[in-house]
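The block underneath contains the structure these notes are about, expressed in structure tokens.
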Amino acid sequence: MPFGNTHNNFKLNFKVEEEYPDLTKHNNHMAKVLTKDMYAKLRDKQTPSGFTLDDVIQTGVDNPGHPFIMTVGCVAGDEESYEVFKDLLDPIISDRHSGYKPTDKHKTDLNFENLKGGDDLDPNYVLSSRVRTGRSIKGYALPPHNSRGERRAVERLSVEALNTLDGEFKGKYYPLKGMTDAEQEQLINDHFLFDKPVSPLLLGAGMARDWPDSRGIWHNDGKSFLVWVNEEDHLRVISMEKGGNMKEVFRRFCVGLRKIEETFKKHNHCFMWNEHLGYVLTCPSNLGTGLRGGVHVKLPKLSTHAKFEEILGRLRLQKRGTGGVDTASVGGVFDISNADRLGSSEVDQVQMVVDGVKLMVEMEKKLEKGEAIDGMIPAQK
Amino acid sequence: MKKLNDQMAKLTIKRLSPEEEFPDLSQHNNHMAKVLTQDMFTKLRDRATPNGFTIDGVIQTGVDNPGHPFIMTVGCVAGDEETYEVFKELLDPIIEDRHGGYKPTDKHKTDLNPDNLKGGDDLDPNYVLSSRVRTGRSIRGFCLPPHCSRGERRGVEKMSVEALDSLSGDLKGKYYALKNMTDAEQQQLIDDHFLFDKPVSPLLLASGMARDWPDGRGIWHNDTKTFLVWVNEEDHLRVISMQKGGNMKEVFNRFCTGLTKIETLFKDKGTSFMWNEHLGYVLTCPSNLGTGLRAGVHVKIPNMSKHAKFEEVLKRLRLQKRGTGGVDTAAVGGTFDISNADRLGFSEVELVQMVVDGVKLLVEMEKKLEKGQSIDDIMPAQK
């Protein structure tokens, strides 16, 4: 947090042993990687905006982790964090993103026409489809570290850009500050409203400072394209609709994103991106595409099948409850989405979801008829 | 200020204009929000204490916690001893508002001589269930909980435990680090009502006081469980003397003796507590300056507490009520936590005297009301 480590130099008066965190009870990516020697090497560094090693790791120190869920345990405070603290973040990125190497290149492909199929997922099973990603505006610190002024500038630039959208993207911005009760109620009913973070993972990283200043929700009139401003990232962009037409969801996603990026460029701003890490976001787990494409799908039989986890693993998909990342599924309905973020393109990842969900629905139908699915088990993607 | 100017840390981080950075306090109701103007913010944001604590560090908790219509929170914290000097323009008016008009030129007196307390050994134990005195202390040379590094926090722990381990007689005791506590130890401390947990209050979390939990935190208590020290919770040290019944004199005796012994031990090692003749003992929260002392009892006053003049009586006696669960709780079964309202501008002896005299009077009033008698003739004057 910026105020906790405003002037790193004074801590250097203490020895490494005295400052090195106790990670003996910890189980997160940061704790697996950060040795005392690495701490010694990195502790006197700071990014140009003053983000230090302790700022990067505070959330991981404060949240020892879960035996089953491997959290990342660190955040970036600005674009330069990934460079200045490479020694720590590269191994974490490699571990989290299936062996992605410091020399690897990431490809970005937001050309929706490259997606094959995806318009015919059976709506009797696939209840809704959604694609989300994040974007960071170059030149501004990220949510763990930004000042009020920077956060307000991000809001201003974002709303300016969004307000130029027209056609299917024409919409309106609802700042959290000053929201009327009626507006709030409507946004809750639409499942659009985000609230002040309660997760200690986020709070420990300082992302909730000054809430609700400069936070807000923009959505188009059709309620199918939505942008969160200054939540966990500068921008979170979401395309969604009921039913199984992922192709359409992805089209709108790509077109909308492109338009937003063009508008930013006209005003001499751009998103944080590089050819190694792709889109740069607050959490290292969201690097690359930052994309999570998923469906809510009814799989009561398949989800209780012995090979369910195996199938998901091979399809490079992950399951969540329909309430989001930490929830359990209800009534056999699961949120199924891509597991990868970095090292494959947006089209690649959505293709995996489309093909994988199509297969799983076929499997579900077979199991309904009492037939075996052994012959359909896919190879590892 | 010139000397301090030279020592202030250099701020190198690029920020936007003061107008763009000034927090929106329009929905806020706390001491900080009442005082902080754009002009003041513009002036103060160019400063940092020698340890690098800035205005945003001071006010973050107040920005993040707009406050309560009924409870006026302070809305700011100190990150080190110098905060109170470097950010005087903000903190002096807050101190004045919070501490009954205490002026920047006022002097605070410290009196930890228990012999100066009159009475206090005869509060009726049929009514007064328990007696307790607590205060805080900060070790000079270390940053305070909102700003300290792990190394500093561990340094505070090490020094404190060394000092406490050399106490003897009825003060002899043991330290239980939160980090290494066994289940059995934890259960015992819970049963004794000694254990403190990681803060959940957003007021504390927003100021960064829970960083690195539970590293460097622990509880020390004497063998007889009447003298207790919390290490690195909201302050470097919280010192507590307590026992069942109404013998506040004995509680205060032990409090003063223990505190003085600890302070001597620190002095022997070349350190001291943060103290000055204007603010008294310097602590993290401006509301705890001066004595940092809260002396109180749990007392059964079911009749008195329902009396129309209860609040008025408390106010005149300079006392405050809380539920028996602590500052944010409600009373249960007519049993209240009654303690001194003041911290700064009165000495320790004076504050405990107010509690002793005030509680004695409240119990008399309770007894009268039990007998159906009026209490109008024993209403106190404003202290």
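Worth knowing before you read on, the calculation uses all heavy atoms, side chains too, and leaves out hydrogens, waters and symmetry mates.
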With heavy-atom distances below 4.5 Å as the criterion, would you say the side chains of [X] and [Y] are in contact?
X      : Y      : result
A:D210 : B:Q60  : yes
A:N13  : B:E152 : no
B:V63  : A:R209 : no

Can you confirm whether more than 12 heavy atoms, excluding those of [X], are under 6.0 Å from its [atom1] atom?
X      : atom1 : result
B:E162 : CD    : yes
A:K41  : NZ    : no
B:D183 : CG    : no

With a 4.5 angstrom heavy-atom cut-off, is it the side chain or the backbone of [X] that approaches chain B, or both, or neither?
X      : result
A:A141 : neither
A:D22  : both
A:L23  : neither

[X] versus chain A, the contacting section by heavy-atom distance below 4.5 Å:
X      : answer
B:K158 : neither
B:D24  : both
B:I55  : neither

Full working for side-chain contact (heavy atoms from CB on, under 4.5 Å) between A:R151 and B:E21: CA-CA 9 Å; A:R151 203 185 298 110; B:E21 297 290 359; over 6 Å; no
Just verifying a value: how many Å separate [X] [atom1] and [Y] [atom2], rounded to the nearest 0.5 Å?
X      : Y     : atom1 : atom2 : answer
B:R150 : A:F14 : CZ    : CZ    : 12.0 Å
A:R152 : B:L16 : CZ    : CG    : 10.0 Å
A:K177 : B:Q27 : NZ    : CD    : 8.5 Å

Any idea which heavy atoms bring B:S149 and A:E19 closest together, and the distance? OG-OE2, 2.5 Å
When you measure from the side chain of A:K25 to the backbone of B:K179, do you find a donor-acceptor pair of N or O atoms at a distance under 3.5 Å?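 Confirmed, A:K25 side chain pairs with B:K179 backbone.
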